[in-house]
Amino acid sequence: MLGGNQMPELPEVETVRRGLSQLVVGKTIKRVVVRWPRIIESPEVSVFCQELVGQVIEAVNRRGKYLIFQLTDYDMVSHLRMEGKYEYFAQESLGESSQAQVSEPYSGSISPEALGEYFEQDELGAFPVTKHTHVLFFFTDGSQLQYRDVRKFGRMALIPKGTAKEYKGITRLGPEPLPEEFTLADFKVGLLKSHKAIKPLLLDQRLVTGLGNIYVDEALWQAKIHPEQPSNTLTDGEIATLRLAILDVLQRAVSAGGTTIRTYLNALGEAGKFQLSLNVYGQTGKPCPRCGTPIEKIKVAQRGTHFCPTCQKLRQRKARILRKVGK
């Protein structure tokens with residue numbers, strides 16, 4: 001889990017996507033059981049369950065922090081929000097929870113033992129659930145995928161095939177943190193248009209998608225920028241350095257399988273390892289790896305924020321004016 005009230009960030013969601021791609025792509029949905037209707041945003045729950053029968057999961061993609069299940073005739077958009085996770089049961093492991101493979105970017109402070117797993121019976125048979133199991137996907141090969149969510153904040157929507165990019169939450173997202181999409185020119189324009197502090201602006205998801213509390217802190221430390229520095233006071237050099245830091249931090253986190261602050265497991269039951277590379281997040285009072293000054297923790301836009309007071313000084317500067325280039 002990602003500690004406190006942390007929402008899973010892009011590296012964790014990407015790791016979940018990769019695991020689910022290995023576990024469920026190619027499977028055909030036999031039936032769906034929804035135990036908490038509010039998880040389903042659209043259509044009505046009865047229609048959601050009915051229309052999924054017979055659908056083949058062709059691919060599992062991601063846009064920002066949204067998972068997109070590409071089905072035979074639909075796209076299913078899933079947002080894990082604060083504590084959602086997917087848990088996969090192979091046919092031979094049903095009834096043996098210790099063999100379940102989980103996708104768990106955040107599961108709160110509740111241990112697996114406290115989840116209280118038990119078997120539920122309906123007219124078609126018995127299946128393992130917990131009080132936090134809200135949606136179950138049964139496959140024709142006898143395996144199943146469960147969506148579990150302690151806080152019940154996650155949402156799913158079944159929409160016409162090929163329309164995921166038009167989904168309301170996805171249309172507001174900025175570019176993916178890839179060199180060819182997250183360009184320096186556009187990043188500079190976005191920063192200089194805003195007087196916001198740099199940290200909350202990066203958390204907004206419109207300049208670049210996928211950044212959350214952990215990786216913003218890490219990228220700002222790497223770029224030597226104070227989290228409260230007004231965005232429109234950054235120099236060209238700082239903007240270029242910050243862009244590279246964002247790309248580097250997220251790429252390394254994806255390669256490491258995400259961050260495990262406590263007990264994060266991906267869809268294959270493997271823990272993320274990026275916490276071994278954290279320089280400031282969660283390091284309050286420890287020496288800065290760069291200069292040795294104790295790391296401090298403050299609140300920025302109501303978010304716990306870690307930084308080095310020596311390497312990341314708040315600079316008093318005039319706001320820059322964004323100049324339009326003539327034709």
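Just so you know, these numbers use all the heavy atoms, side chains as well, and skip hydrogens, waters and symmetry mates.
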Judged by atom type as modelled, is there a donor-acceptor pair below 3.5 Å linking the side chain of Arg315 to the main-chain atoms of His226?
-> no

CD (Glu218) and CG (Leu278) are apart, to the nearest 0.5 Å, by 4.5 Å

Would you find a donor on one side and an acceptor on the other, under 3.5 Å apart, between the side chain of Ser231 and the backbone of Lys196?
-> yes

Are Arg62 and Glu12 within salt-bridge range, i.e. N to O under 4.0 Å?
-> no

Do Thr15 and Val254 come close enough that some side-chain heavy atom pair is under 4.5 Å?
-> no

CG-NZ distance between Leu192 and Lys188, expressed to the nearest 0.5 angstrom | 6.5 Å

Residues Lys224, Glu238; criterion salt bridge (Lys or Arg N to Asp or Glu O under 4.0 Å); working and verdict | CA-CA 8 Å; Lys224 299 183 181 181; Glu238 288 171 334; over 6 Å; no

Which of these passes side-chain contact (heavy atoms from CB on, under 4.5 Å) with Leu211: Val208, Thr209, Ile214?
-> Val208

Taking side chain as C-beta onward, heavy atoms only, is Thr293 less than 4.5 Å from Cys311?
-> no

Nearest non-hydrogen partners of Gly292 and Pro287, listed with the distance | O-CB, 3.6 Å

Residue among Val249, Val280, Val300, Leu242 satisfying side-chain contact (heavy atoms from CB on, under 4.5 Å) with Leu220 = Leu242

Straight-line distance of Gln55 CD to Asp73 CG, nearest 0.5 Å | 4.5 Å

Aromatic contact, Phe139 with Phe89 (centres under 6.0 Å) | no

Pairing of Glu41 and Arg155 as salt bridge, 4.0 angstrom limit = no

Check whether any side-chain N or O of Asn279 sits under 3.5 Å from a backbone N or O of Trp221 as a donor-acceptor pair, and report yes or no.
-> no

Donor-acceptor contact below 3.5 Å, side chain Arg81 vs main chain Phe153 | yes

Decide side chain to side chain donor-acceptor pair (under 3.5 Å) for Ser143 and Lys27; before the verdict, give the C-alpha distance in whole Å, the side-chain angles of both, and the deciding distance to 0.1 Å.
-> CA-CA 9 Å; Ser143 62; Lys27 292 184 181 290; 3.3 Å; yes

May I ask you to decide if Arg303's main-chain N or O and Thr305's side chain share a donor-acceptor pair within less than 3.5 Å?
-> yes

Any donor and acceptor pair, going by atom type alone, linking the side chain of Lys85 with main-chain N or O of Tyr147 inside 3.5 Å?
-> no

Does NZ or CZ of Arg243 lie under 6.0 Å from the centre of the six-membered ring of Phe187, at an angle within 45° of the ring axis?
-> no

Here the gap from His306 atom NE2 to Glu296 atom CD, rounded to the nearest 0.5 Å, amounts to 11.5 Å

So, does Asp75 use its side chain to make a donor-acceptor pair with the main chain of Thr163 at under 3.5 Å?
-> yes

Would you find a donor on one side and an acceptor on the other, under 3.5 Å apart, between the side chain of Gln312 and the backbone of Pro309?
-> no

Can you check whether Val56's main-chain N or O pairs, donor with acceptor, with Thr72's side chain at less than 3.5 Å?
-> yes

Modelled atom types, side-chain donor and acceptor of Gln229 and Thr233, under 3.5 Å | yes

Student check: side-chain heavy atoms of Leu191 and Asn232 closer than 4.5 Å = no

Report yes if the side chains of Lys161 and Glu58 come closer than 4.5 Å at any heavy-atom pair, otherwise no.
-> yes

Does Asp217 come within less than 4.0 Å of Lys199, counting only side-chain N to carboxylate O?
-> yes

Between Ser78 and Tyr86, is a side chain to side chain donor-acceptor pair (under 3.5 Å) present by the stated rule, with each step listed?
-> CA-CA 10 Å; Ser78 171; Tyr86 282 99; 2.7 Å; yes

Reported CG-to-CG distance for the pair Asp186 and Leu207, which is rounded to 0.5 angstrom | 9.5 Å

Reference residue Glu87; test side chain to side chain donor-acceptor pair (under 3.5 Å); the match among Gln146, His132, Arg148, Gln144 = Arg148

Determine, for Lys152 against Glu83, whether the closest basic-nitrogen to carboxylate-oxygen distance falls under 4.0 angstrom.
-> no

Begin with the C-alpha distance, continue with both residues' side-chain angles, and end with the deciding distance and a verdict on ring pair (Phe, Tyr, Trp, His ring centres under 6.0 Å) for Phe48 and Tyr74.
-> CA-CA 11 Å; Phe48 179 87; Tyr74 297 96; 9.5 Å; no

Donor-acceptor contact present, side-chain Gln205 to main-chain Gly174, <3.5 Å = no

Determine, step by step, whether Asp204 and Arg172 satisfy the salt bridge (Lys or Arg N to Asp or Glu O under 4.0 Å) criterion, reporting the C-alpha distance in whole Å, the side-chain angles of both residues, the deciding distance to 0.1 Å, and the verdict.
-> CA-CA 10 Å; Asp204 185 65; Arg172 295 192 291 264; over 6 Å; no

Non-hydrogen side-chain atoms of Phe307 and Ile225 separated by less than 4.5 Å | no

Could you walk me through whether Asn61 and Gln70 pass the side chain to side chain donor-acceptor pair (under 3.5 Å) check?
-> CA-CA 7 Å; Asn61 294 324; Gln70 291 189 315; 3.0 Å; yes

Linking I/L/V/M/F/W/Y whenever any side-chain heavy atoms sit under 4.5 Å apart, do Leu184 and Leu250 land together?
-> yes

